[in-house]
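Read the structure below first, then the notes.
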Protein chains: 2
Amino acid sequence: MSTRTMNPVHDATCSVAACAEIIGAKWTALLVHDLSEGARRFSELEHSCRGISPRTLSERLRWLESEGLVVRTSYPEAPPRVEYELTVKGEGLLPIIGEMRRFGHEFLGCCGSI
Amino acid sequence: MSTRTMNPVHDATCSVAACAEIIGAKWTALLVHDLSEGARRFSELEHSCRGISPRTLSERLRWLESEGLVVRTSYPEAPPRVEYELTVKGEGLLPIIGEMRRFGHEFLGCCGSI
DNA sequence: CAGTATCCTCAAAGATACTG
DNA sequence: CAGTATCTTTGAGGATACTG
């Protein structure tokens, strides 16, 4: 937000604006939506967010992690396995996603949309 | 969204994604939030969205109008008066804004935020 | 697999000036 | 007042190649 920036939002004065900076970043809503069903690996997220580049996915996940909305767990195996999961704080975003889905569903007119 | 584009979203296949395209556009959430309290004039919105340029405000309002989320009413007076108001469809966004505020409020930690 | 490192594009949106 | 017309910037995010 050019202000549509990925900087921490703790300086925002309006809670709606602060939230918009989070949820408004491309892919974030989708990512949180995916994570709502449980822990996911990098490659799983890469597939469910068709079109996202690893660069962007990585950035977004690190940012969510830095905000305390997601935890990253790395398992010392070969091949490496890393899982991302919502924190309790991150789960606080789910009602928003829920409302977004409800609205989007109406908005699209139920034309076979997810 | 460069998909983060302001094109109509009727081609989106996911309702969450479709909604993200609307609510994710800069200023939109704030605008809808302002309009939730009643009709507003261009200059009123310009003031409540501190920092928005007339160019952007105009574009955003026209876009919301084209999506059927806002109605524009022009009163043939001098000086000109124009009011913007949420449609019923546009009011469907309010629960999302409400949840955003709730989350943002928690997230910011109640430090005097709106 | 799970990312980084680079480079690059494109469009959102800011600044400014002007008009019906 | 309620915008439009231009011009410009900037940075999000895509593409691609590479690595521990």
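Throughout, a chain's letter reflects where its sequence line sits, starting with A, and its residues are numbered from 1.
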Main-chain N/O of [Y] paired with [X] side-chain donor or acceptor, under 3.5 Å:
{"X": "A:Thr87", "Y": "A:Leu69", "answer": "yes"}
{"X": "B:Ser58", "Y": "B:Arg55", "answer": "no"}
{"X": "A:Ser48", "Y": "A:Glu44", "answer": "yes"}

Whole-Å distance between [N] [atom2] and [X] [atom1]?
{"X": "A:Arg81", "N": "D:dG20", "atom1": "CZ", "atom2": "C1'", "result": "18 Å"}
{"X": "A:Glu65", "N": "C:dA2", "atom1": "CD", "atom2": "P", "result": "15 Å"}
{"X": "A:Glu83", "N": "C:dG3", "atom1": "CD", "atom2": "C1'", "result": "16 Å"}
{"X": "B:Arg62", "N": "D:dG3", "atom1": "CZ", "atom2": "C1'", "result": "8 Å"}
{"X": "B:Leu57", "N": "C:dG14", "atom1": "CG", "atom2": "P", "result": "11 Å"}
{"X": "B:Glu21", "N": "C:dA11", "atom1": "CD", "atom2": "C1'", "result": "14 Å"}
{"X": "B:Arg60", "N": "D:dT4", "atom1": "CZ", "atom2": "C1'", "result": "16 Å"}
{"X": "A:Glu59", "N": "C:dT4", "atom1": "CD", "atom2": "C1'", "result": "12 Å"}

Which nucleotide in the set [options] lies at the smallest distance from any side-chain heavy atom of [X]?
{"X": "B:Lys26", "options": "C:dG14, C:dG3, D:dG3", "result": "C:dG14"}
{"X": "A:Ser43", "options": "C:dA17, C:dC1, C:dG3", "result": "C:dC1"}
{"X": "B:Arg41", "options": "C:dA13, D:dC1, D:dG3", "result": "D:dC1"}
{"X": "B:Phe42", "options": "D:dG3, C:dG3, C:dG14", "result": "D:dG3"}

Fill in: Residue whose nearest DNA chain D nucleotide is more 5′ - A:Ser53 or A:Pro80
A:Ser53
Response to the item:
Paired to D:dT10 by Watson-Crick or G-U wobble criteria (both distances under 3.5 Å) is C:dA11
Worksheet item: Paired with C:dG20: which nucleotide, if any, by Watson-Crick or G-U wobble criteria at under 3.5 Å for both distances?
Response: D:dC1
Worksheet item: Within less than 4.0 Å of OP1 or OP2 of D:dG14, is there a side-chain N or O belonging to A:Thr56?
Response: yes
Discussion item. Check this one for me: any side-chain N or O of A:Trp27 less than 4.0 Å away from OP1 or OP2 of D:dG14?
Written reply: yes
Worksheet item: Do the charged groups of B:Glu99 and B:Arg101 touch, with an N to O distance under 4.0 Å?
Response: no
Item to complete: Tell whether A:Arg55 reaches the base of D:dG14 with its side chain through a donor-acceptor pair below 3.5 angstrom.
Response: yes
Item to complete: Starting from the C-alpha separation in whole Å, work towards a yes-or-no answer on side-chain contact (heavy atoms from CB on, under 4.5 Å) for B:Tyr75 and B:Val82.
Response: CA-CA 6 Å; B:Tyr75 298 89; B:Val82 175; over 6 Å; no
Fill in: Touch class at under 4.0 angstrom, heavy-atom based, for A:Tyr75 against every strand present
nothing
